[in-house]
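First the proteins, then the strands, lettered A, B, ... as listed; each starts at 1. Predicted model only: the values in this text are computed from it and were never measured.
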Protein chains: 2
Amino acid sequence: MNARSVVRKRGSAPERLAGTDLLNHCNNAALRKAARRLGRLYDAALQPSGLRATQYILLAQIYDLGCPTMADLADSLIMDLSATRHSLEPLVRDRLVRLRVDEKDRRARRVTLTPAGIAKFKEAMQLWRKAQDRFERAFGSARASKLRSELSALSSEPFKEIF
Amino acid sequence: MNARSVVRKRGSAPERLAGTDLLNHCNNAALRKAARRLGRLYDAALQPSGLRATQYILLAQIYDLGCPTMADLADSLIMDLSATRHSLEPLVRDRLVRLRVDEKDRRARRVTLTPAGIAKFKEAMQLWRKAQDRFERAFGSARASKLRSELSALSSEPFKEIF
DNA sequence: CCGAGTTAATGGCATATGCCGGCATATTGT
DNA sequence: ACAATATGCCGGCATATGCCATTAACTCGG
């Protein structure tokens with residue numbers, strides 16, 4: 001009787017079908033689901049390089065910024081400083097990334113790619129492009145561009161302070 | 001020559017400004033950044049309830065589905081089965097969620113909310129709404145709706161097999 | 001130059017997420 | 001009924017992410 005009522009109650013009520021209401025309206029849930037899905041696509045594509053998608057993102061951003069401080073890097077990725085540091089650990093361990101004390105501000109750490117890091121990044125970039133292409137072929141290139149644009153807007157300035 | 005080119009080359013080269021190229025085109029990076037940003041918004045809003053945004057999503061989905069199996073739940077959230085299980089652990093520990101063996105298939109586990117879980121969910125829903133409203137007021141309600149719609153499309157069927 | 005306040009990073013803890021290998025339970029072909 | 005296979009979940013391991021408290025280093029007013 002107990003198990004039955006649990007099992008059945010929900011689906012039978014005419015008010016609402018299963019699993020189609022609550023979360024369909026949640027921006028955060030939609031974002032996370034999409035991130036998981038897409039993450040797995042990129043992760044799989046990058047596998048031959050031994051990098052995770054997140055690690056690729058870190059390398060790319062470091063490459064792009066040159067030798068940012070931890071805080072620069074974290075900010076640019078909308079990431080917590082500690083999270084950034086923790087995520088960097090495997091990369092440092094594997095000698096793809098190096099940290100060094102900033103000359104002018106001894107508190108700061110400059111993050112740089114090692115030669116191996118640069119090589120690995122360039123290797124991974126080829127794989128990344130495959131994932132990117134595969135996704136955009138399926139989703140539409142213009143559509144993806146528009147989506148990224150909206151996501152960037154969401155991640156950018158105005159929303160830093162909606163709290 | 002090697003290290004030098006890594007450290008310095010970047011900022012000075014006129015070819016490109018720092019941090020605006022590589023990742024701006026990466027769908028995955030854009031998605032992750034947005035997810036982190038929005039996640040923090042929802043996390044903060046839910047804080048009084050003691051739930052994380054992700055936990056709220058789990059409770060909501062369980063509430064919605066009734067008493068799904070682990071696999072049902074994982075699928076509906078585009079989540080790995082093990083990840084789902086692990087994420088459920090704190091909720092089970094705190095007696096918000098219960099697992100029980102399915103009668104008909106002893107391998108399967110049915111996930112249900114306890115009364116405390118239902119109460120907590122409803123409490124959290126009020127906080128969730130605040131975050132949702134706050135975000136949509138800033139981002140635009142229609143715009144958010146469109147964004148969710150694109151994200152859902154991305155998470156849904158056609159892209160399961162773009163590999 | 002000193003001390004109060006600020007800023008950058010670290011360490012510890014907790015959850016989030018995923019992969020892989022193993023185990024128990026179903027399902028199926030014969 | 002039985003062996004082979006498939007399925008659902010568990011455990012262990014590794015990374016991802018964030019918060020908090022702490023420490024080290026800089027800034028500034030006096």
| query | For the side chain of A/His86 and the base of C/dG12, is some donor closer than 3.5 Å to an acceptor across the two? | reply | yes
Distance in angstrom units between [X] [atom1] and [N] [atom2], rounded:
{"X": "A/Lys33", "N": "C/dA16", "atom1": "NZ", "atom2": "P", "value": "17 Å"}
{"X": "B/Leu77", "N": "C/dG18", "atom1": "CG", "atom2": "P", "value": "10 Å"}
{"X": "A/Met70", "N": "D/dT17", "atom1": "CE", "atom2": "P", "value": "14 Å"}
{"X": "B/Leu51", "N": "C/dA16", "atom1": "CG", "atom2": "P", "value": "10 Å"}
{"X": "A/Arg36", "N": "D/dA16", "atom1": "CZ", "atom2": "C1'", "value": "13 Å"}
{"X": "B/Asp43", "N": "C/dA16", "atom1": "CG", "atom2": "C1'", "value": "11 Å"}
{"X": "B/Met79", "N": "C/dT15", "atom1": "CE", "atom2": "P", "value": "15 Å"}
{"X": "B/Asp72", "N": "D/dC9", "atom1": "CG", "atom2": "C1'", "value": "13 Å"}

| remark: Of all heavy-atom pairs linking B/Ala34 and A/Leu151, the shortest is CB-CD2, 3.8 Å
| field | Closest contact, heavy atoms only, A/Lys122 versus A/Tyr63 | value | CE-OH, 3.8 Å
Thinking salt bridges, do [X] and [Y] make one under a 4.0 Å N-O criterion?
{"X": "A/Arg129", "Y": "A/Asp133", "result": "yes"}
{"X": "A/Arg93", "Y": "A/Glu89", "result": "no"}
{"X": "B/Lys104", "Y": "B/Asp102", "result": "no"}

| said: Assuming nearest nucleotide by heavy-atom distance, tell me which of B/Leu88 and A/Gln47 is located more 5' along DNA chain C. | reply: B/Leu88
| query | Nearest nucleotide by nearest heavy atom, which residue falls closer to the 5' end of DNA chain C, B/Ser82 or A/Arg109? | reply | A/Arg109
Just call it for [X]: base, sugar-phosphate, or nothing, with non-hydrogen atoms closer than 4.0 Å on any strand.
{"X": "A/Arg93", "value": "sugar-phosphate"}
{"X": "A/Thr69", "value": "sugar-phosphate"}
{"X": "A/Asp80", "value": "base"}
{"X": "A/Glu89", "value": "nothing"}

Measure from the side-chain heavy atoms of [X] and tell me the nearest of [options].
{"X": "B/Asp105", "options": "C/dA26, D/dA16, C/dT10", "result": "C/dA26"}
{"X": "B/Pro90", "options": "C/dA16, D/dA25, D/dA16", "result": "C/dA16"}
{"X": "B/Gln55", "options": "D/dG18, C/dT15, D/dT15", "result": "C/dT15"}

| Contact under 4.0 Å: B/Arg85 side-chain N or O vs C/dG18 OP1/OP2 | no
| Phosphate contact (D/dG18 OP1 or OP2) by B/Arg40 side-chain N/O below 4.0 Å | yes
| note | Between B/Arg107 and A/Leu58, the residue closer to the 5' end of DNA chain D by nearest nucleotide is B/Arg107
| request: Give a yes or no on whether B/Leu31 and B/Phe135 share a hydrophobic cluster (residues Ile, Leu, Val, Met, Phe, Trp, Tyr; joining criterion: side-chain heavy atoms under 4.5 Å apart). | output: yes
